[in-house]
Novice: 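Sharing a structure here in structure tokens format.
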Amino acid sequence: MAATNEQGLLQIASIIEQHQTLPGAMLPILHAIQDNLSFIPSNALPLIAKALNVSRAEVHGVISFYHHFRSEKPGTHVIEVCRGESCQAMGSRVLEENIKQRLAIDYHQTSKDSQYTLEPVYCLGNCACSPAIRIGDDIHGELDQQKFEQILESLNTYSLELK
Amino acid sequence: MNLSPSTENSMALMSRKIFVSLDTTARSKGSDKVATQAENILNSQPDLEAKLVRNGSRGMFWLEPLLEVNTPKGRVAYGPVKPEDVSEIINQQCFNDIVEHPLCLGFTEELPWFKSQQRLTFARVGIIDPIDVDDYINHGGFVGLTSALKKTAQQIVDEVKESGLRGRGGAAFPTGIKWQTVLDEPEQQKYIVCNADEGDSGTFADRMLMEGDPLVLIEGMIIAGLSVGANQGYIYLRSEYPQAQRILNLAIENAQAKGYLGENICGSKHSFHLEVRLGAGAYICGEETSLLESLEGKRGLVRAKPPLPAIEGLFGQPTVVNNVISLASVPYILSHGGASYRDFGMGRSRGTLPIQLAGNIAQGGLVELAFGISLNELLQQYGKGCKSKRPMRSVQVGGPLGAYLPEEQWHTALDYEEFASIGAVLGHGGIVVFDDTVDMAAQARFAMEFCEVESCGKCTPCRIGSVRGVEVIDKIIKNDNNEQIRQDNVNLLHDLCDTMEYGSLCAMGGMTPFPVRSALKYFPDDFLPQPSTEKAQ
Ligand SMILES: Cc1cc2nc3c(=O)[nH]c(=O)nc-3n(C[C@H](O)[C@H](O)[C@H](O)COP(=O)(O)O)c2cc1C
Ligand code: SF4
Ligand code: FES
């Protein structure tokens, strides 16, 4: 598990403080940390454990149970590819393979240039327009290889504009 | 289409609205760009005096992005619209009331696909501005709550019992009876938990409802709170639905500002607080006890029942756990009466079911109809066959744990008991269509793989059985033409399915055999050795 620096820890402490009095605060805290830091650093665990009065192992147990939470820093863009049956019916098996080849990574991996992380998901609720992928909060449907290339292109232009 | 001149005067009095959907699927097809374009045009032409409304979706996803313009005779629809079409459409429609645009579909509500539906729960979805409380009220919103506030808790529960409503989350348990159990618990902290985990592939009714009419869910939850004496509700929403999360939170804020949530709702002595909580990508957290563990901040391990959540639920307190559609059906029941809801449907399946058409289907989307329509009618009349224009071969109903049905079973009527009688389930009403290129052995393998990935791990038949299931199916698929070995493996797979079905703690392991067995039974040829390219080499 990757750790974070002093500044990240300060952010985490403040997130914990904001949420810890909620009943069942664990998931809201983990979500907030991941939303802010893009992953849940290993050195956040003792802080969370202490605030919620549980063991470190329990926090780890929760993080590792849920597919959404990650312990390593992901690439700039997390690409979630739907593997659900509806998407399979519209050719997602081939699409998945093509995407893996195109990015030269498998699921749960990050590309060498740290641009992309690939994750499987099981249904994005976009099944009437399968196959679907999600990047950030954007969901793309009726996907094929050509459309995927266009999306990659737009992601790159966007990140260049930011610089 | 020419709207008669007599309507022109009333048109002038009517404020014009342009509707473009903010539904996830509509957005995935580019509705945001269409909306931005519409906004630009309205801003640059103030004399149009029209307003843009981001509504839910009508559920005709092959027509999205759909753009609608209101007229005194009804809304006129255009679709699928591209940003470059918007200017011409708005100018023609708003200034002349004459529609000769090639994308014009006529009045939305006259489209045969839409007109023939029986929309009770989805009555407002695609029609109103989802987060505008006044718009909601103008379309019959909060009538059910007002009526519930005049009733005793028992009278509310009786009304729901009378309606015959059964849970729409999959298990089809009578909602009124569940509420009665919670009501009968002694006075203490009680909870209403909305199961918005909608994990089944091929389903999106919960999402569409939360994005298109979140206030009806909120109203249903308040009524549930009144009926059992609960003052706190949680919506457990899957993290895959970011747009639903945004819209729900805005709707909750607005409802709160207008006194429908919080202390002394509508000036009564009752209070109800509501919060959205996000899941984290675990299918099993749709199972109600696993969901409660997750809400409490733990790993989503399934709890053994009893005790029922109705008696010992969230934080050990009596809890109503209901699906989004179940709860959203309650305002109709309270405003129109339980008997009115009960009049729809067949057998013991009362009321309506939002059906989702997905997969390889020409017209994918949401249809709300009374129980009783046949699968065939849905596939042909509404779905219009496969999107690939190839023959349909297999249909999976009820999500990843549902059976794969061959053509000879497509006459089956949508009814919980009818489906059970053919070894299938209706589940959440999701229908996923496959054309004749499907490899059913691969689908059976995937069912096991899905169980392996998503099992909570608490019991052996499911945790280990699914791993073994994948292995055995692989062996069957790759078999070396030895019929005896093949048959032994098929028998082993059946044994394994038995163990999972009878030995699992919950339906995850217990129902994974449904898709596997149905694939084996109805599509046996797909499990025979195929002339594979590997062998040919
Ligand atoms: C593996 C599994 C997954 C489930 N997923 C969901 C789900 O995503 N949404 C849902 O409403 N119910 C789901 N259920 C059913 C719930 O356990 C429960 O029956 C339901 O939330 C009760 O609400 P209802 O009576 O309104 O249907 C699932 C059940 C199982 C066994
Ligand atoms: S059947 Fe599977 S998911 Fe259900 S309790 Fe057992 S291990 Fe968990
Ligand atoms: S199965 Fe892929 S979006 Fe639903």
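So you know, we letter chains A, B, ... as the sequences are listed, proteins then strands, and number each from 1. The structure displayed is predicted, hence computed values, not measured ones.
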Novice: Using non-hydrogen atoms only, which part of B:T203 is less than 4.5 Å away from chain A: side chain, backbone, both, or neither?
Specialist: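 For B:T203, the backbone is the part near chain A, not the side chain.
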Novice: Between B:G279, B:G365, B:A282, B:G300, which shows the greatest number of heavy-atom pairs under 4.5 Å with chain A?
Specialist: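 The option with the most such pairs is B:G300.
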Novice: So, B:F204 versus B:F61, ring centres under 6.0 angstrom or not?
Specialist: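 Ring centres of B:F61 and B:F204 closer than 6.0 Å.
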Novice: Sorted by first residue and then second, give each ring pair (Phe, Tyr, Trp, His ring centres under 6.0 Å) pair with at least one member in residues 81-120 of chain A; sequence neighbours left out.
Specialist: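 Found A:H77-A:Y116.
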Novice: Does a side-chain N-to-carboxylate-O contact under 4.0 Å join A:R83 and A:E96?
Specialist: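 The answer is yes: the pair qualifies as a salt bridge.
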Novice: With side chain to side chain contact (heavy atoms under 4.5 Å, CB included) as the criterion, how do B:R393 and B:D435 come out once you've worked through the C-alpha distance, each side chain's angles and the decisive distance to 0.1 Å?
Specialist: CA-CA 5 Å; B:R393 178 148 183 258; B:D435 72 10; over 6 Å; no
Novice: Decide, yes or no, whether a salt bridge links A:R70 with A:E119 under the criterion of side-chain N to carboxylate O below 4.0 Å.
Specialist: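 Looking at A:R70 and A:E119, the cut-off is met.
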Novice: Does any backbone or side-chain atom of B:S294 lie under 4.5 Å from a heavy atom of chain A? Answer side chain, backbone, both or neither.
Specialist: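 Both backbone and side chain.
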Novice: Using a 4.5 angstrom heavy-atom cutoff, name the option from B:G399, B:S388, B:A244, B:G202 with the most pairs to chain A.
Specialist: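 The option with the most such pairs is B:G202.
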Novice: Check whether B:L357 gets within reach of chain A through its side chain, its backbone, both or neither, counting any heavy atom under 4.5 Å.
Specialist: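 Just its backbone gets close to chain A.
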Novice: Tell me, side chain or backbone of B:D32 under 4.5 Å from chain A's heavy atoms, or both, or neither?
Specialist: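 Nothing of B:D32, per the 4.5 Å heavy-atom cut-off to chain A.
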Novice: Using heavy-atom distances under 4.5 Å, tell me whether B:C456 contacts chain A through its side chain, its backbone, both, or neither.
Specialist: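 Its backbone and side chain both get close to chain A.
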Novice: Let me know if A:H31 has heavy atoms under 4.5 Å from chain B in its side chain, its backbone, both or neither.
Specialist: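 Contact with chain B involves the side chain of A:H31 alone.
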Novice: Using non-hydrogen atoms only, which part of A:E85 is less than 4.5 Å away from chain B: side chain, backbone, both, or neither?
Specialist: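 It is both, since atoms from each part get that close.
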Novice: Quick check for you: among B:R277, B:E64, B:R207, which has the greatest number of heavy-atom pairs under 4.5 Å with chain A?
Specialist: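 The residue among B:R277, B:E64, B:R207 with the greatest pair count is B:R277.
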Novice: Does any backbone or side-chain atom of B:V433 lie under 4.5 Å from a heavy atom of chain A? Answer side chain, backbone, both or neither.
Specialist: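 Interface part for B:V433: backbone (N, CA, C, O).
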Novice: One pair to check against side chain to side chain contact (heavy atoms under 4.5 Å, CB included): B:M511 and B:V425. What are the steps and the verdict?
Specialist: CA-CA 10 Å; B:M511 283 171 63; B:V425 288; 3.9 Å; yes
Novice: Return the option, out of B:G281, B:S394, B:G364, with the maximum number of heavy-atom pairs under 4.5 Å with chain A.
Specialist: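 Among B:G281, B:S394, B:G364, the one with the most close pairs to chain A is B:G281.
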Novice: Count the heavy atoms belonging to other residues, nucleotides or ligands that lie under 6.0 Å from NE2 of B:H273, then report whether that count exceeds 12.
Specialist: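 It does: B:H273 NE2 has more than 12 such atoms within range.
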Novice: Where on A:R93 is there a heavy atom nearer than 4.5 Å to chain B: the side chain, the backbone, both, or neither?
Specialist: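 For A:R93, the side chain is the part near chain B, not the backbone.
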Novice: Between A:F69 and A:F39, does the ring centroid distance fall short of 6.0 Å?
Specialist: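 So the answer is no for these two rings.
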Novice: In terms of heavy-atom proximity below 4.5 Å to chain B, should A:P23 be classed as side chain, backbone, both, or neither?
Specialist: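 A:P23 touches chain B through backbone and side-chain heavy atoms alike.
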Novice: Flag the pair B:F523 / B:Y404 as yes when their ring centroid distance falls below 6.0 Å, and as no otherwise.
Specialist: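 No: the rings miss the under 6.0 Å criterion.
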Novice: Looking only at heavy atoms and a cut-off of under 4.5 Å, which of B:K29, B:E198, B:Q243, B:R246 has the most pairs with chain A?
Specialist: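 Counting heavy-atom pairs under 4.5 Å, the top option is B:K29.
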Novice: Is the ring pair B:W113/B:W62 parallel, tilted or perpendicular, if the boundaries are 30 and 60 degrees?
Specialist: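 If you compare the ring of B:W113 with that of B:W62, the planes turn out perpendicular.
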